[in-house]
Amino acid sequence: MHIVVGRSGGVILITELDATGSPATPTFELPAVNFAQYVRARESASPRWVWDDTAAWYPELLRAGIRVERCHDLRLSHVILCNSAFTAESPLSQSGPHRWDEAAVAHVPAVPTGDTLFDFAAEPDTSSADADGDADSTDSRVEFQRQQQALLSSAETGRLRLLLAAESAGALIAAEMQFAGLPWRTDIHDALLTSELGPRVAYGTRPAKLEALAARIRSLLDNPTLNPDSQTEVLRALKRAGLPVRSTRAWELKEHSHPALVPLLEYKKLSRLLSANGWYWMDTWIVNGRFHPDYVPGGVVTGRWATKGGGALQLPKQVRRAVTADDGWTFVVADASQLEPRILAALSTDLAMADAGRGTDLYAGIVASGVVETRDHAKVAMLGAMYGATSGESGRLLPKLARAYPRALELTEAAARVGERGGVVTTRLGRSSPRPSEDWLRAQAYAYAPEASSADERMARSQAREWGRFTRNFVVQGSAAEWALCWMAQIRKALQKLDAGGAGGADRDPSQSPFSQSPHLVFFLHDEVVVHTPAALAPQVQQIIVDAATEAGRLLFGEFPVDFLLTVATVESYADAK
DNA sequence: TCTGCATGCAGC
DNA sequence: ACGCTGCATGCAGA
């Protein structure tokens, strides 16, 4: 059963649909204050909630202590269906742009408590799209019908249905992870910063260790006024010291040797720590011992998640020590080993490559098959195949890989050729790549014009290859993102079931947060998840995560025999994983 | 003074 | 001439 919900002024409009998709009852209104109770009551029937934007609806339910099992996020689904090659003929994807194509409405973050920093979180969202008073429940219902119709008219209904369900589950998970937050010990974080940088100082001033390094750099470069934070000044000073560098990138500096480079590299490392995850970041993002990352599901063209603010997807290993489980709780951390190569093997039904990864590290398996000499070579060559390397070590190793795994390599080559011609490629479940820009198309067309110079032709060729590398990678990265969504959705479902059988079940105290007593996802990083769980349940959680990986593989690739191996660890601190 | 772009680096 | 990002910072031009 589907229940379509929409807002109009101060009321919620609700349409319950039966199994055929037609209204089971007339649309009715509910005062906004009664909405959460309504959802709580209806949830027992396991409906799929249909709403415009999960981030605009779910946080308030979570604050009311309510979780929902499943939803259909119209905005995320709209983007997928409008672009998918599997629904290219549908009226939906041929219709012009409207409000469903707009960026997500500004939404309020889901934070459980009304702390100073996030006090605004409790205020209702007044910026939503129906400010003109239009009954957007109608809009949502119409849009839902259009999406259903596009889905059913597709030759790939099954894959797309799975993709929309997974994408929507991802939206629920993102909201739940933001609400629950990642346990974060500010005392440990502060001690770590103090030991690396020196005691805390006011914002905008240099901590002692940075100041000492700056002094050392100035003296070794014989430049008493040098500002080590200025790339231009540093570059000039290095050149004057006789170093043939063309940038101040760490990897380039490491290729040279000069006494000043030691403190300079150390300065850069620490200065990065301070500006990206220093005390200011801690004060901004840690609330009551929890980091509440602002995930954006579907935020990347390939289907990966993005973040806005907080940098959850760039959380450096340096600070993961501060991620510490609550007393009596623990983390189960799992990451998918060599996910993208395994995805590629399955996409291309390359049995030899799947064999290489069966029950073992896939790169080690490639070495064991005698394809290349070392694990590092196997890895570099695989990455080169998926990213489109043409030169260097990776480029040299590619022919060996192509001989051993022709099907896999042919898939990546074909994806690149499609992109070079300006075409569209599609992931396993049906997310299609964007079309190239007008500029790109113009440059390609112009390269054939009689008045085009050889520079024009070179430029066009270079841009064509660039777009080819993008589409080459899109298929693999995007399909891997789909696997990860299915994996997480399965984990979530199984954890909820585990919870229903235990202390957090039917007799749960509704005044408690839905996550305060039972295992739940707290972090996601492309191919890695973290579950925060009562310590006693960790073995069951591990099993759930492993089984979910197998199930995700089956959902995407059916019976094709590819393993999705995980590295799983039960740890008190995130820093101790892998 | 503000804004947009370039740089550099964190993650996968 | 190897893919996708977010974020902080400095710098140049408006």
Side-chain angles (χ1 to χ4, degrees), chain A residues 203-204 227-236 245-254 264-265 267-278 280-281 284-285 293-320 335-341 343-344 379-398 412 415-416 419 425 427 431 433-434 458-459 461-481 483-484 523-529 574 578:
Chain A
Y203 179 76
N227 171 13
D229 293 316
S230 160
Q231 305 111 277
T232 35
E233 280 186 43
V234 170
L235 189 59
R236 205 161 35 217
V245 287
R246 37 173 283 288
S247 81
T248 64
R249 289 179 171 86
W251 62 263
E252 187 176 352
L253 299 185
K254 281 176 191 149
L264 180 57
L265 285 166
Y267 182 92
K268 288 165 78 73
K269 200 177 104 214
L270 294 180
S271 148
R272 167 83 192 177
L273 171 65
L274 175 65
S275 67
N277 297 99
Y280 183 73
W281 178 90
T284 309
W285 291 99
D294 206 348
Y295 286 117
V296 185
V300 179
V301 278
T302 56
R304 276 188 174 181
W305 288 9
T307 52
K308 61 173 186 291
L313 297 177
Q314 297 108 251
L315 198 68
K317 298 206 159 67
Q318 248 174 331
V319 301
R320 295 185 184 182
D335 81 285
S337 313
Q338 307 92 40
L339 177 59
E340 294 192 351
I343 292 288
L344 173 59
K379 182 173 179 174
V380 161
M382 275 302 316
L383 292 178
M386 294 182 299
Y387 293 161
T390 53
S391 64
E393 192 177 41
S394 183
R396 280 194 301 279
L397 291 165
L398 273 178
T412 61
V425 295
T427 59
R431 193 186 308 262
S433 63
R458 265 201 312 279
M459 177 60 82
R461 201 157 24 234
S462 147
Q463 287 181 353
R465 293 209 181 105
E466 198 174 304
W467 198 252
R469 287 194 297 276
F470 166 62
T471 53
R472 170 198 296 269
N473 186 248
F474 183 95
V475 181
V476 178
Q477 189 184 112
S479 299
W483 181 91
F523 199 60
F524 170 59
L525 203 55
H526 304 309
D527 62 356
E528 176 174 352
V529 295
Y574 190 18
K578 69 180 166 186

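Letters A, B, ... mirror the listed sequences (proteins, then strands); counts begin at 1. What you see is a predicted model; the values in this text were computed from it and never measured.
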Classify the nucleic acid contact of [X] as base, sugar-phosphate or nothing, counting any heavy atom under 4.0 Å across all strands shown.
{"X": "A276(A)", "result": "nothing"}
{"X": "G392(A)", "result": "nothing"}
{"X": "A312(A)", "result": "nothing"}
{"X": "R461(A)", "result": "nothing"}
{"X": "N277(A)", "result": "nothing"}
{"X": "V301(A)", "result": "sugar-phosphate"}
{"X": "K317(A)", "result": "sugar-phosphate"}
{"X": "R304(A)", "result": "base"}

Report yes if at least one side-chain N or O of [X] is closer than 4.0 Å to OP1 or OP2 of [N]; otherwise report no.
{"X": "R469(A)", "N": "dC2(C)", "result": "no"}
{"X": "K268(A)", "N": "dA10(B)", "result": "no"}
{"X": "T232(A)", "N": "dG10(C)", "result": "no"}
{"X": "T390(A)", "N": "dC2(C)", "result": "yes"}
{"X": "T248(A)", "N": "dG8(B)", "result": "yes"}

Any V319(A) side-chain heavy atom under 4.5 Å of L273(A) side chain: yes
Taking the side chain as everything from C-beta on, heavy atoms only, tell me whether K268(A) gets closer than 4.5 Å to L253(A). yes
Side chain of [X] - closest among [options]:
{"X": "Y387(A)", "options": "dG11(B), dG3(C), dC9(B)", "value": "dG3(C)"}
{"X": "T307(A)", "options": "dG3(C), dT9(C), dG6(C)", "value": "dG6(C)"}
{"X": "Y203(A)", "options": "dC4(C), dT9(C), dA10(B)", "value": "dT9(C)"}
{"X": "Q314(A)", "options": "dA10(B), dC4(C), dC2(C)", "value": "dA10(B)"}

Which pair of non-hydrogen atoms, one from [X] and one from [Y], has the smallest distance, and what is that distance?
{"X": "P293(A)", "Y": "A312(A)", "value": "CB-CB, 3.3 Å"}
{"X": "F474(A)", "Y": "P434(A)", "value": "CE1-CD, 4.2 Å"}
{"X": "E252(A)", "Y": "S247(A)", "value": "OE1-OG, 2.7 Å"}

Is there a donor on the side chain of R272(A) or the base of dC9(B) sitting less than 3.5 Å from an acceptor on the other? yes
